[in-house]
Amino acid sequence: MHQLAVLALDNVVAFDLATPLEVFGRVRLADGSRPYDVRVCAPQPEVSAQAFTVRAEHGLEALESAGTIVLPGCHDATQPVPEEVLTALRTAASRGARIASICAGAFVLAATGLLDGRRATTHWLGAAQFRAMFPAVELDPGVLYVDEGQFLTSAGAAAGLDLCLHLLRRDHGSAVAAQAARLSVMPLEREGGQAQFIVPEQPPAPRGSELEPLLRWLDDNAGHDLTLEAIAGRAGMSTRTLNRRFREQTGTTPLQWLHRTRIRRAQHLLETTAHPVDRIGSQVGFGSPTAFRDRFKRVVGTSPHSYRRSFRTEQF
């Protein structure tokens, strides 16, 4: 069983702490077995989580045998990290332990020096402070998470869930990760970066997967009238096989992926142009204004007109 240690420092963010406990603690393999032994550890018996106190069952010795270490953020990201914690993390890294941070936990990981010369991310609010404190780290504040192999970092609290699901997929494949995503009521692949209100033009695709060329093609042709049969023909598969492969590798269906791509593009146009709403619906590939409005409200939770009033840029 893979040992996974979640390190709670004083002033730990409760959300960050709970995310890996829930994701890795509840996951089960096809035979019903538990693949992770999840432990909470801390440099002292009790640490503050502001609203309550966390009593950790394990000390820093838990890091000595952990195959994966998760670092939740602290409410004060700039607080000094105890030297014994930095030493324990460096020692764990030297023997090959995988270390992942959630949100401001990147400050803790960066303090070890292990991120120097590497790409990383953290919550966008802390980006300027992070750059000032750790200029040797290549910070990318526009993504949900960064996978550098042994070291991984994620953005704001919810992105910690994206990162945990990503680790699950790395360890046990898409089927196990997709089941964990369903338990969390979350898509296995979440679109966008940290600027969730302004959805990027390109949807993320599973890197290196057999579907990646098809997903790029879908993005390029989302404005056309595409049927499931046409998509399957492009992929050289039956519709049944295509649906199965999509579920396995993206956690969704081809048409759901296409609809989300179109909605993201519509959001961008609503924010940055003065085009009439019906024209935008047609531009992004919907066959009728009613179909566009219904799908938009289902995905975004509001109407295109309301969305535009809230998020369009001032020049429009």
Decide yes or no for V143 and R119: does some side-chain heavy atom of the first lie under 4.5 Å from some side-chain heavy atom of the second? yes

First locate atom CZ of R131, then atom CD of E138, and finally report the distance between them rounded to the nearest 0.5 Å. 10.0 Å

Determine yes or no for a side-chain-to-main-chain donor-acceptor pair under 3.5 angstrom, with Q256 supplying the side chain and T253 the backbone. yes

Side chain to side chain contact (heavy atoms under 4.5 Å, CB included), that's the test. Do L218 and L215 meet it? Break it down for me. CA-CA 5 Å; L218 279 175; L215 297 178; 4.3 Å; yes

I need the L255 CG to L228 CG distance, nearest 0.5 Å. 5.0 Å

Is there a path of hydrophobic side-chain contacts, each under 4.5 Å between heavy atoms, that joins V6 and F24? yes

Grab the two heavy atoms, one from V47 and one from A8, that are nearest each other, plus how far apart they are. CG1-O, 3.7 Å

Pairwise side-chain contact, M237 with L211, heavy-atom cut-off 4.5 Å (strictly under): yes

Just how far is it from atom CG of L144 to atom OG1 of T121, taken to the nearest 0.5 Å? 8.5 Å

Less than 4.5 Å apart, side chain to side chain, heavy atoms only: is that true for Q179 and H172? no

Please find the pair of heavy atoms, one from C41 and one from G59, that lie closest to each other, and give the distance. CB-O, 3.2 Å

Minimum heavy-atom distance M1-R34, with the two atoms named: CE-O, 3.3 Å

Spell out, yes or no, whether V23 and V27 are grouped together once hydrophobic residues are joined by side-chain heavy atoms under 4.5 Å, including indirect joins. yes

Report, as yes or no, whether the 6.0 Å neighbourhood of atom CZ on R240 holds more than 12 heavy atoms from other residues, nucleotides or ligands. no

Joining Ile, Leu, Val, Met, Phe, Trp and Tyr whenever any side-chain heavy atoms lie under 4.5 Å apart, the cluster holding V13 also takes in F15

Is there side-chain contact between R98 and L167, with at least one heavy-atom pair below 4.5 Å? yes

Got V277 and F292 here, is their nearest side-chain heavy-atom distance under 4.5 Å? yes

Do D147 and H166 meet the criterion of a side-chain donor-acceptor pair at a distance under 3.5 Å? yes

How far does OH of Y145 sit from CD1 of I102, to the nearest 0.5 angstrom? 13.5 Å

Backbone N or O of A93 within a donor-acceptor pair of the Q150 side chain at under 3.5 Å? yes

Within the 4.5 Å heavy-atom criterion, are P35 and D171 side-chain neighbours or not? no

Under the salt bridge (charged side-chain N to carboxylate O under 4.0 Å, His left out) test, residues paired with R90 that sit two or more places apart: E83

Considering all heavy atoms of both residues, which atom of L115 and which atom of A106 are nearest to each other, and what is their separation? CD1-O, 4.2 Å

With the 4.5 Å side-chain cut-off for hydrophobic clustering, are V40 and L71 part of the same group? no

Verify the cluster assignment for L86 and V137: are they in a single hydrophobic cluster under the rule of side-chain heavy atoms below 4.5 Å apart? yes

Side chains of S282 and R279: donor-acceptor distance under 3.5 Å anywhere? no

Separation between CG (L89) and CD (E84), nearest 0.5 Å, reads 10.5 Å

Under 3.5 Å donor-acceptor, T273 side chain and L269 backbone: yes

ILVMFWY cluster, L139 and L125 together (side-chain gap under 4.5 Å): no

N11 backbone acceptor or donor facing Q79 side chain under 3.5 Å: no

Are P141 and T122 side-chain neighbours, meaning at least one heavy-atom pair lies under 4.5 Å? no

Pick out which of L17, V54, V108 makes a side-chain contact (heavy atoms from CB on, under 4.5 Å) with L9. V108

When you measure from the side chain of R293 to the backbone of H305, do you find a donor-acceptor pair of N or O atoms at a distance under 3.5 Å? no

For the residue pair A92 and I69, what are the closest heavy atoms and their distance? CB-CD1, 3.6 Å

F296 and Q267, any side-chain heavy atoms less than 4.5 Å apart: yes

Under the 3.5 angstrom rule, does the side chain of R170 hit a backbone N or O of G149 as a donor-acceptor pair? yes

Parallel, tilted or perpendicular: ring planes of H259 versus F286, cut at 30 and 60 degrees: parallel

Tell me whether T112 contacts the main-chain N or O of T87 through its side chain, where contact means a donor paired with an acceptor under 3.5 Å. no

Stepwise, does the side chain to side chain contact (heavy atoms under 4.5 Å, CB included) test hold for V12 with D16? CA-CA 8 Å; V12 65; D16 296 359; 5.6 Å; no

How long is the span from the OG1 atom in T68 to the OH atom in Y36, to the nearest 0.5 Å? 7.0 Å

What closest approach, in Å, do R262 and H224 show between heavy atoms, and which atom pair accounts for it? NH2-O, 2.7 Å

Could you walk me through whether L242 and I231 pass side chain to side chain contact (heavy atoms under 4.5 Å, CB included), step by step? CA-CA 9 Å; L242 178 64; I231 299 170; 3.6 Å; yes

Side chain to side chain donor-acceptor pair (under 3.5 Å) against R26, all qualifying residues, sequence neighbours excluded: none

List the steps and the verdict of side chain to side chain contact (heavy atoms under 4.5 Å, CB included) for R260 and T252. CA-CA 11 Å; R260 289 204 301 264; T252 187; 3.5 Å; yes

